[in-house]
Structure formats: structure tokens, C-alpha cells
Protein chains: 4
Amino acid sequence: MSPTAPIPDSTVPNSDSRYDRQLAKILEHATAIFYEKGYEGASIRDLSRASGMSLAGLYYYFESKEKLLYVIQRHLFLSVMDLVRERLREETDPEQRVRVFILTHLEYFLANPKSMKVLSHEDDVLKEELGADIANLKRQYYRCAADLVDALKAAKGLQFNSRVAVLSLFGMMNWIYTWYNPHVDGDAKLLAREIGDVFLGGIYATLAPPPA
Amino acid sequence: MSPTAPIPDSTVPNSDSRYDRQLAKILEHATAIFYEKGYEGASIRDLSRASGMSLAGLYYYFESKEKLLYVIQRHLFLSVMDLVRERLREETDPEQRVRVFILTHLEYFLANPKSMKVLSHEDDVLKEELGADIANLKRQYYRCAADLVDALKAAKGLQFNSRVAVLSLFGMMNWIYTWYNPHVDGDAKLLAREIGDVFLGGIYATLAPPPA
Amino acid sequence: MSPTAPIPDSTVPNSDSRYDRQLAKILEHATAIFYEKGYEGASIRDLSRASGMSLAGLYYYFESKEKLLYVIQRHLFLSVMDLVRERLREETDPEQRVRVFILTHLEYFLANPKSMKVLSHEDDVLKEELGADIANLKRQYYRCAADLVDALKAAKGLQFNSRVAVLSLFGMMNWIYTWYNPHVDGDAKLLAREIGDVFLGGIYATLAPPPA
Amino acid sequence: MSPTAPIPDSTVPNSDSRYDRQLAKILEHATAIFYEKGYEGASIRDLSRASGMSLAGLYYYFESKEKLLYVIQRHLFLSVMDLVRERLREETDPEQRVRVFILTHLEYFLANPKSMKVLSHEDDVLKEELGADIANLKRQYYRCAADLVDALKAAKGLQFNSRVAVLSLFGMMNWIYTWYNPHVDGDAKLLAREIGDVFLGGIYATLAPPPA
DNA sequence: GATGAATGAGGTTTCATTCAT
DNA sequence: TATGAATGAAACCTCATTCAT
């Protein structure tokens, strides 16, 4: 296990032009505010105050509050998926591939802690095409994890309900934003090991009957 | 494992008087609306429409939107805790006790599916005393699970980080509201077994080094 | 100057029956609340809380908030006018008669300090017939004072604008509720003397040219 | 006695920019509405109707109804105090200085008749810091008058209770809004003379015993 | 005599958003 | 690019009042 692709230190796309830099700043503030107050509870005025840009000025960068959330969520999915793909490229062992997924997910979101909540907590607020698009990305991401788990399952001849197992794994990981405390719980590497142990120990146990 | 205490089929307190029945109805509608739109996204007008009672009339039953959420959340915690205590009374085996906890939690919230979200998703919207009170109940509930897990850990001589393990267990269980489909995923009993298997298999695996 | 008619120690009509006693209690609480919050700022709910009677129960005693204020104001005017008439009966000296008026007014309203504000401050909130009726009583009360002043004016051969003088006198007296502090300003007798001195000194000065 | 500083013909600050002009218009309408209905009885909707600006638009100019009243009252106190100071600069005779105060007060508030009520009648509705700030200005204004009266008292060797005398003077002047009718009562100059006569005659009379 | 339950209207304030500049 | 000014809709909540009991 030696992932090498770097964790982006920001929650927003790389930026070159002045426009891009401004947009990046706005998205960062928006993420922070959605994190604090939730999508519905956050107001564009809050964002205006936080970013120092006028209310009207913000609308030059996004066309609606919904689109704003969309852009943020889309970027998060795309970049964590990129990172996962990148890191999986170097690993072939089925178990390690699952561990890489877990570690990458945790590293990414523990490096951008507010993002984890904005993705998890505001999961179903987007409707229509926007919502469908995000749901699609989410499905791809799920599929990616499920494929890794299924590969391991096949390789080891395990027997368990993949759907429930994978969704439980996501539950463990996505719930973290409600309790994670860096001083108490250690870094992503530690957490990934612990959670990976529970998960893998759990599915491996389906080989033999569990100890009485 | 033979829990016998019945699952309340409603999300609200038992009701006798006309007042209680009306209140119960309102809380039920409110739960449904908080489920659909989230606390912030739900409006008292929505509740008025759904319950068929006038806006002003609703305020006869609760003094503020906040208090309304508070009453709902408090009732949920108290009644699931009651149920857990009730059912644990009959069980002494450490592993079974953990399984009873998982099953009870899932049975309760799968019987009241909207409640699970209202409890999980609107976890931190209550502030001040109200928020502190709910946080306190949550802590008790967590403590209850943690004690069961620690008892099992001691009984079997296992070695793992209890905090992370228990919080992961809650992650698996509380995440369910985002994906549960009764037609696909079976009932609470099945789900409780699967999740219990993963969790218990996971922590049992800490006895011996995990298989390579 | 020896007024003898007693100052009613209450702001409400004498009460015999249970109904009357209840009504009296309600009017007293209402006066207190109108005093504290003003007519517009006071709510029937405030009155309900203060009086310990249910919202609906109050309406057995008065038919509307307007009528409630009306009853209070009417009673105040009638009883202070009664008192004035009573005490004037014993006095014939024109100056003393003016002084009796001032003293009675101040004694009455300093004994019922909240009433003074409810009468002065909520002077023009009543509309239509109710308002006209109160305005009529007020006019009578004004007329009474004006007659006393005019009698003195004639008796002493003074020259001044009666209207402005009398209204100024009322200004001095009715403004008291904004500043009166019993510990600092003494009792009604003292205040009546001081204000009487200013007023009478002022109008007497119209005999001779004022000192340079 | 020849005061020369001009009376502002408006109740609101001078305005230059478009924003200032709009704000001035709003404050003027607000003063009129507070005059008509009282602070509590006036609604922002009333103001919206009167000013022709949308409800929400108004909030661009003030942050709350309370702040709105505050701005109005503060401006009134500051500008009448300015005017008084300005005019006192040219006068040294103690009696004339008192007369200048009376005249200025009346000229200012008779030129802005609604303001007088908004200042007098809504005296104690502002709470906390806002209320304390206004109370402070009021105290300064009172102090100013009291100093003039005390100077006269000392100059003439008079003997009377300054507090009661000054507060009575304010009573006479501030009560005017309840009865003033320009067609009947003449202009500020006339009224100031009459009220000044009563007041000064009254306190001068404390030199010698009043005529029997 | 008194209340619990309910209501329509309206209160203040904030929302996301727009448009001329 | 960015803002100041403005808006219609809707937010939460309270109002005076009623009516069956």
C-alpha cells in the first residue's frame, strides 16, 4: 500500500485566471457556509458576507444557489474519483485495492473536512437534471467501490451480500463527519486501517462460521 | 435472540385525549415533512397544508419550529432507548446483547423509516438548551451501545479501538436511511444479521492477525 | 384648602358581586399592562397571563380590546370628575378652587400612577363613537378647569390667553407620569403646591409688567 | 431676542446622493406614520404603502423597525440641540436665554409638528443600547434647559424647585402636540411668549409672597 | 362563568434573485 | 467585473377574536 497521488489541498478546481481564482475563493467560502448551516439554512447573504463580495457580484460566478451546490458537489465527486483511479493504477492485490479505496476516500475528505458533509448531508437537495447528474456520479463512485469489493469476494471465495456490505462501508466512512476529532481519532491513515480492519475482518468472517 | 417487546407502530407518543390525538397527528405529519424537505427546508405552511390545520392553529400545539423538532427527536430517543432496555433485560450473552441492540435499532427505525432521517440528518440544528438536551440523550444512547461492545470485547479478549468501532457501527446503521429499499434489502431482521455479521466478524478478527 | 373626599385606592369601579370583583381585577391588570406596553403593544394574551384567566374567559367581561380601554378611560374620567366636584363644593375662593383642582387631579393620579399614563398616552387610540365619548368627557374635564381659571381671571382682573394657560396647566400635570419619582419629588400635596405656584404666579404676573 | 439660525424645514438629515434622498423620504413618511398610528400601531406595511416602496426594499435603508425609530429620534434631538446652541450663542441675558430656549423648541417642533409627537409619545419604546442612547440625548437636552433656568434663578435670587419647574416647562411645551391648532393658537413666537410668560411669571413670583 | 381549541389576517423580517449602471 | 438598489414571495410567528362545550 503506497499511494502516491497527492491530495488536493483545496476543495475547488485549480485556478489560473483572475476569474478562476475568484470562483475558487467563492466556492471555498460556499463550502464552508453550507457546512456550517446546511444548504437550506445558508443564505446567499451569508456567502456575500463571508466572501466579501456583493450579493449581486456573486451572481456573476454562478447562476443560482442550486447551481452553486451543484458545481461544488460535482467537483468533489470528480476529483475524489480521479484520485482513486490514479492510486488504484499502482495496485493489483484485491485486498489492497479495497484498502486503497478506503484510504483515499478518507484522506481526501479528512483533508477537506467540510466537503465531506456538503457531499453527504446535502445528498438529495438537488432536483431535476442537476440532481440526476450528481446521482449519476455518486452511482459511479459506488460502482467503483462495489467492483473492488466484488473482486476481493471472488478472489477469496467469500459469501456475503455485496450491496449491504458496500453500503455499510460507505456508512462507516460517510458518517465520520459527525464525530471525527483529529486530536482524538488520529489521521486518515490510522482511521482507514481501523475501518478497513472492521470491514475486511467482517467479510472474511463469512468464510468460516463466526466464533461462538 | 428472541426480542419480544413490540415495536411501536408510530413515531409519536401514545395519545388518549383529543389534544393528544391531535398532537400525535401533527407530530406525525411534521416528521414526514422534515423527512422530505429537511428541517430548514420545511415550512410551517407545509405542515399546515399537510395536516389540514391552520397555521395559527398549529401553534397551539407547539411554541416554535425548533420546539417541534425537539419534541420529535426527544420522543424518538426516549422510545428507542426504552425498547432497547426492555429487550436487553432478557439477554445475557455478550454477543447476543450486541445483536439485540442492532436488531432493535433497525427494527425501530425501519418501522418508522422517516424518523431515522429526522434523527440522523437533523442532528445538529437544535441549539442552546434544546440542543444540549438532545445531545445528552444521544450520548446516553451511544454509551449504551459502547458498553455492550466493551463487555463483548472484555469477554472475548479482543483488541480494537472501541470508539471507532462503535461509531462505525452507528455509521452503518444510521446511513441506511439513504439507501434502504424494503423490496431489495429485506426486513430489519435480515439487515441486522448482515450488519451484525460484518461488525462482529470485524472485531473478532482482531484476535488473530487478519488473513493475508 | 381642605379637601375631604377620599381618594379611591383603586383604578376600577367599586365591586360587589362576584362578577364585579372579577371585572375589577381584570381592569386593574389591564391598566397595568396598558401602562407597561401601551395599548397597541399590549396583547390580550398578556392580560390573560397577568390576570390568570383564560383568553376566552376574558371576553366574558369585555367585548373587545377597544371596549376594554374605553371602560377604563371612562371610569377614570368619571371618577376623577366626581372627586373634583365633591371637593369643590366646599370651596368658594377662586384661587383656592383652582388649587383644589390641581391637588385633586394630582392626588388622584399619583394614587393611581399607571392610570395617568393610560389616560394621557392612549388619548387618541379610540375611534368612532367610543373615541367621541371619551373625547367628550375630556372636554368636560377641560371645561371644568377652564371655568375655574376664568373665574379667577375675572375676579383678579387678569389678562392672558385662557386656552393656552389651561392647556399648559394640563401639560404640566399630565406630563408628570414621564418623570415622577415619589422618593425624589414628594407627594401630591407638595407637587400640587409647586405646580400651582408656577401656574398662579404666571397668570398673576399678567397684572403688572413682568420684572426686567 | 432675535434668533437668526434658520429652522430646518424637514424632519430628516440633509440629503445629497440618491441614497440619501430616498432615505430622507422614507424617514419623512415613517415620521408621519408613527405620528398617526404610534410606533406600535404602525406597520412596515403602512410605511411601504405610504412611501410607495416595496416592503423588502425598505429594509435596504434600515435594519429594523426599532432602528428606524432610533434614527428618527436621534436626528431630532441632535438637530434641535444644534439649533438651540446656535441661537444661544448670541444671547447673554439670563431671562432672554430661557426665552430663546422656549422659542427655539417651539419653532422647531411647530415647523415639524409630527416630530414632536414621535419624540414625546414614543419616549420609552426603545430598549437596550438604542434606548440608552436616546435617553442620554434627552438628558443632555434637559440639562441644557435646566442650566439656563438655574442661571436665571441665581441671577435673580429666586427660590423654587428647579427640577419640578423645568419638568413642568417641558410638560407645557411637549403637551402642545395634543392640542395645537395653528389657526387658533397662532405661531411659535406667540405661543413661546405666552408659555414663557406663565413660566417666568411663575418663577419670578417666588421672590415675594404671591398676592392673596 | 370559563375554557380549550381553532382561525384569518397580518405582524416583522429574510429569501433568492434581478437590472441598470 | 462588480455593485447598489430594489422586488415578490415567503419565512416564522402573534394578533384579536370566536364557538362549542
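Throughout, protein chains are lettered first and strands after them, A, B, ... in sequence-line order, and every chain is numbered starting at 1.
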Would you indicate whether the side-chain heavy atoms of [Y] and [X] approach each other to under 4.5 Å?
X	Y	value
B:K138	B:D123	yes
C:L55	C:L47	no
A:F62	A:I44	yes
D:H75	D:L27	no
C:V118	C:S115	no
B:I134	B:L130	no
A:M53	A:Q22	yes

- request: Rounded to 10°, tell me the angle between the two end axes of the helix from E:dA2-F:dT21 to E:dT21-F:dA2, each built from five pairs.
  value: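 Rounded value for the end-axis angle: 20°.
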field: Bounds of contact between DNA chain E and chain A, in 5' to 3' order, using a heavy-atom cut-off under 4.0 Å
entry: E:dC15 to E:dC19
Whether over 12 other heavy atoms sit under 6.0 Å from B:E36 CD: yes
task: Apply side-chain contact (heavy atoms from CB on, under 4.5 Å) to D:K117 and list each qualifying residue two or more places apart in sequence or on a separate chain.
output: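 D:K117 satisfies side-chain contact (heavy atoms from CB on, under 4.5 Å) with C:D124, D:Y35, D:H121, D:Y177 once adjacent residues are dropped.
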Nearest-Å distance for atom pair [atom1]/[atom2], residues [X] and [N]:
X	N	atom1	atom2	value
C:I44	F:dA16	CD1	C1'	7 Å
C:K65	F:dT14	NZ	P	15 Å
C:R49	F:dA16	CZ	C1'	14 Å
B:L47	F:dC13	CG	P	12 Å
A:I26	F:dA2	CD1	C1'	10 Å

- request: With a 4.0 Å heavy-atom cut-off, tell me which residues in residues 57-64 of chain B come close to DNA chain E, sorted by residue number.
  value: B:G57, B:Y60, B:Y61
field: Atom of B:E40, atom of B:K65 and distance for their closest heavy-atom approach
entry: O-NZ, 3.6 Å
- prompt: For the residue pair A:Y59 and A:S64, what are the closest heavy atoms and their distance?
  reply: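 Scanning both residues completely, I find the closest heavy atoms to be CE2-CA, 4.3 Å.
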message: In terms of relative ring orientation, are A:Y19 and A:Y60 parallel, tilted or perpendicular, with 30° and 60° separating the classes?
response: perpendicular
- request: Would you mind telling me which residue lines up with the more 5' stretch of DNA chain F, D:M53 or B:S43, judged by nearest nucleotide?
  value: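 Mapping each residue to its closest nucleotide by heavy atoms, the 5'-most match is D:M53.
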message: Could you work out, with salt bridge (charged side-chain N to carboxylate O under 4.0 Å, His left out) as the rule, every residue matching D:E66, not counting sequence neighbours?
response: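 Per chain and number, D:E66 pairs via salt bridge (charged side-chain N to carboxylate O under 4.0 Å, His left out) with no residue.
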- prompt: What does A:S54 touch in the nucleic acid at a heavy-atom separation under 4.0 angstrom: a base, only the sugar-phosphate, or nothing?
  reply: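 A:S54: base contact, heavy atoms under 4.0 Å.
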field: Any B:R45 side-chain N or O less than 4.0 Å from OP1/OP2 of F:dA11
entry: yes
field: CD-CG distance between B:Q73 and B:L126, expressed to the nearest 0.5 angstrom
entry: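 Going from CD on B:Q73 over to CG on B:L126, the span is 5.5 Å.
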5′-ward residue of the pair C:L55/D:A42 relative to DNA chain E: C:L55
query: Hey, can you pull the residues of residues 32-39 of chain C with a non-hydrogen atom under 4.0 angstrom from DNA chain F?
result: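 Listed by number, there are none.
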